[in-house]
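For reference, the structure is listed below as structure tokens.
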Amino acid sequence: MTDPSTSSGTGNEAAETIIVAIDGPAGSGKSSVSKQAARRLGYGYLDTGAAYRALAWHALQHGIDTSDAASVLDVSGDFEYAISLDPDEYWVRVGQTDVTDAIRDPQVSDAVSGVARVPAVRESVNALFRALVAQSGRPGVVVEGRDITTVVAPDAPVRILLTAAPEVRAARRSAELTTQDAAAVAAALHQRDASDSAVVDFLTAAPGVEVVDSTHLDFDQTVDAVLGVIEAALPAPTPDNAQTGA
Ligand SMILES: Nc1ncnc2c1ncn2[C@@H]1O[C@H](COP(=O)(O)OP(=O)(O)OP(=O)(O)O)[C@@H](O)[C@H]1O
Ligand SMILES: Nc1ccn([C@@H]2O[C@H](COP(=O)(O)O)[C@@H](O)[C@H]2O)c(=O)n1
């Protein structure tokens, strides 16, 4: 796996970075809401699912069946991964290839749970996520995924489970993927949740994790609800802590 120093950062690595940890099931709004919250806060944004997707893409490029853990581990040996933490300039690369769009293909979505099931892969990407946050050069980073509040950053000062009713999540995802059959999109989303929940519990909030249910909220209301949780949890900036985020 790649050296995280190849990914974007501003070089201001000394200050402690505030982590806003956001978990949730597929289609709950983790990426879109986290990205917007990061913009509003001047924070970085880390999409952790992109690493699993990029490794699934890489495995598929090598003709590997991602349900075979040994082959996944094998191919992860030459996986050169980089991601931007800038919410206004999001990109994902494997080696020299920009895979920002390719990792959203349905073939990758169908293959990704196999990759995410391999414990050694999870350990390796989790170490990468922590390094990326530490090197972000931002006062804080909104980190989103399935296990961020529980495994990657259990001590984060803000931990949120973002959720919505399954039918609402499926409808939002279908609205996004207009060229695909709505029933097939919904079935794929539920299938991925079922596979992923065998590895990580992202449907129940761990102790201390705040639930934001967006079933009856529009996008802007959901962002505001998440920002409300963050503002309530973090100390107001003072002249002393405003620069460092401490
Ligand atoms: N509160 C909301 N109201 C309406 N649409 C929303 C809301 N939150 C998110 N969306 C839309 O729902 C879709 C799914 O959101 P998003 O991709 O952010 O989910 P996700 O949790 O990151 O999914 P996945 O884990 O599958 O990547 C997007 O089109 C997004 O714009
Ligand atoms: N922290 C995480 C993040 C993601 N996964 C796995 O990656 C898949 C893709 O994630 P998206 O957020 O881009 O949909 C997801 O289905 C999980 O298999 C994970 O295990 N842990």
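Along the sequence shown, residues carry numbers from 1. Just so we're clear, the structure is a prediction, and the values are computed from it rather than from any experiment. All ligand and atom numbering here is 1-based and tracks the order in the structure.
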Which heavy atom of the protein is the closest neighbour of atom 11 (P) of ligand 2, given with residue, atom name and distance?
-> Arg53 NE, 3.7 Å

Tell me, which protein residue and heavy-atom name are nearest atom 22 (O) of ligand 1, and how many Å apart are they?
-> Ser31 OG, 2.3 Å

What's the shortest distance from atom 10 (O) of ligand 2 to any protein heavy atom, and which residue and atom give it?
-> Gly49 CA, 3.5 Å

What protein heavy atom is closest to atom 29 (O) of ligand 1, reported as residue, atom name and distance in Å?
-> Glu176 OE2, 3.1 Å

Nearest heavy atoms of Val92 and Thr100, plus distance in Å | N-OG1, 3.0 Å

Shortest protein contact, atom 14 (O) of ligand 2 (heavy atom only) | Arg192 NH1, 2.8 Å

Tell me which part of Arg146 gets within contact of ligand 2: side chain, backbone, both or neither, using heavy atoms under 4.0 Å.
-> both

Do you see a donor-acceptor pair shorter than 3.5 Å between the side chains of Asp74 and Ser71?
-> no

Note: Lys30, heavy atoms under 4.0 Å from ligand 1, region reported as both

Is the shortest distance from a heavy atom of Ser28 to ligand 1 less than 4.0 Å?
-> yes

What protein heavy atom sits nearest atom 20 (O) of ligand 2, and how far away is it?
-> Arg122 NH1, 2.8 Å

What atoms of ligand 1 come closer than 4.0 angstrom to any heavy atom of Arg146?
-> 25 (O)

Are Ile160 and Phe202 grouped together when hydrophobic residues (ILVMFWY) are joined by side-chain heavy atoms under 4.5 angstrom apart?
-> no

Identify, for atom 7 (O) of ligand 2, the protein heavy atom at the shortest distance, and state residue, atom and that distance.
-> Tyr52 CB, 3.4 Å

With heavy atoms under 4.0 Å as the rule, classify the contact between Asp147 and ligand 2 as side chain, backbone, both or neither.
-> both

Atoms in ligand 1 with a heavy atom of Pro25 nearer than 4.0 Å | 21 (O)

Side-chain heavy-atom pair Val115, Val121 within 4.5 angstrom cut-off | yes

Between Arg122 and Asp196, is the closest basic N to carboxylate O distance under 4.0 Å?
-> no

Would you kindly check if the NZ (Lys) or CZ (Arg) of Arg138 is within the cone defined by 45 degrees around the ring axis of Tyr43 and under 6.0 Å from the six-membered ring centre?
-> no

Measure Arg117 to ligand 2 on non-hydrogen atoms and call it side chain, backbone, both or neither using the 4.0 Å cut-off.
-> neither

Test item, Arg104 contacting ligand 2 (heavy atom, 4.0 angstrom) | yes

Protein contact to atom 19 (O) of ligand 1 [nearest heavy atom, distance to 0.1 Å] | Gly29 N, 3.1 Å

Just heavy atoms, cut-off under 4.0 Å: does Asp218 contact ligand 1 by side chain, backbone, both, or neither?
-> backbone

Is there a path of hydrophobic side-chain contacts, each under 4.5 Å between heavy atoms of I, L, V, M, F, W or Y residues, that connects Val168 with Leu217?
-> no

Structural part of Glu144 in contact with ligand 1, heavy atom criterion under 4.0 angstrom | neither

Looking only at N/O atoms, are Gly27 and ligand 1 under 3.5 Å apart anywhere?
-> yes

Below 4.0 angstrom, N of the basic side chain to O of the carboxylate: do Arg40 and Asp224 qualify?
-> yes

Under a single-linkage definition using a 4.5 Å side-chain heavy-atom cutoff for Ile, Leu, Val, Met, Phe, Trp and Tyr, are Leu73 and Leu60 assigned to the same hydrophobic cluster?
-> yes

Arg169 and ligand 1 - part of the residue with a heavy-atom distance under 4.0 Å = neither

Any sub-3.5 Å donor-acceptor pair from Thr17's side-chain atoms to Gly140's backbone N or O?
-> no

Would you say Asp196 contacts ligand 2, with heavy atoms under 4.0 Å as the rule?
-> yes

Look at atom 4 (C) of ligand 1 and say which protein heavy atom is nearest, naming residue and atom and giving the distance to 0.1 Å.
-> Arg172 NE, 3.4 Å

Identity and separation of the nearest protein heavy atom to atom 3 (C) of ligand 2 = Thr48 OG1, 3.4 Å

So, are Arg192 and Asp110 salt-bridged, with charged N and O less than 4.0 Å apart?
-> no

Which atoms of ligand 1 are found less than 4.0 Å from any heavy atom of Phe219?
-> 1 (N), 2 (C), 3 (N), 8 (N)

Looking only at N/O atoms, are Arg104 and ligand 1 under 3.5 Å apart anywhere?
-> no

What residue and heavy atom of the protein are closest to atom 14 (C) of ligand 1, and at what distance?
-> Arg173 NH2, 3.6 Å

Salt bridge flag under 4.0 Å for residues Asp23 and Arg159 | no

How far is atom 1 (N) of ligand 1 from its nearest protein heavy atom, and which residue and atom name does that atom have?
-> Thr222 OG1, 2.8 Å

If you draw the axis of the six-membered ring of Trp91, does the NZ or CZ of Arg93 fall within 45° of it and under 6.0 Å from the ring centre?
-> yes

Which is it for Arg169 and Asp213 under the salt bridge (charged side-chain N to carboxylate O under 4.0 Å, His left out) test, yes or no, and what are the steps along the way?
-> CA-CA 11 Å; Arg169 293 189 284 110; Asp213 185 339; over 6 Å; no

If you group Ile, Leu, Val, Met, Phe, Trp and Tyr by side-chain heavy-atom gaps below 4.5 Å, do Leu227 and Val142 land in one group?
-> yes

Should Val33 and Val209 be counted in the same cluster of Ile, Leu, Val, Met, Phe, Trp and Tyr side chains packed under 4.5 Å apart?
-> no

Atom indices of ligand 1, in the order listed, that fall short of 4.0 Å to a heavy atom of Ser32 | 9 (C), 15 (O), 16 (P), 18 (O), 30 (C), 31 (O)

Stepwise side-chain hydrogen bond (donor to acceptor under 3.5 Å, both in side chains) check, Glu144 with Tyr45 = CA-CA 8 Å; Glu144 59 91 0; Tyr45 158 68; 2.9 Å; yes

For Leu217, the ligand 1 atoms with a heavy-atom partner under 4.0 Å come out as 1 (N), 2 (C), 3 (N)

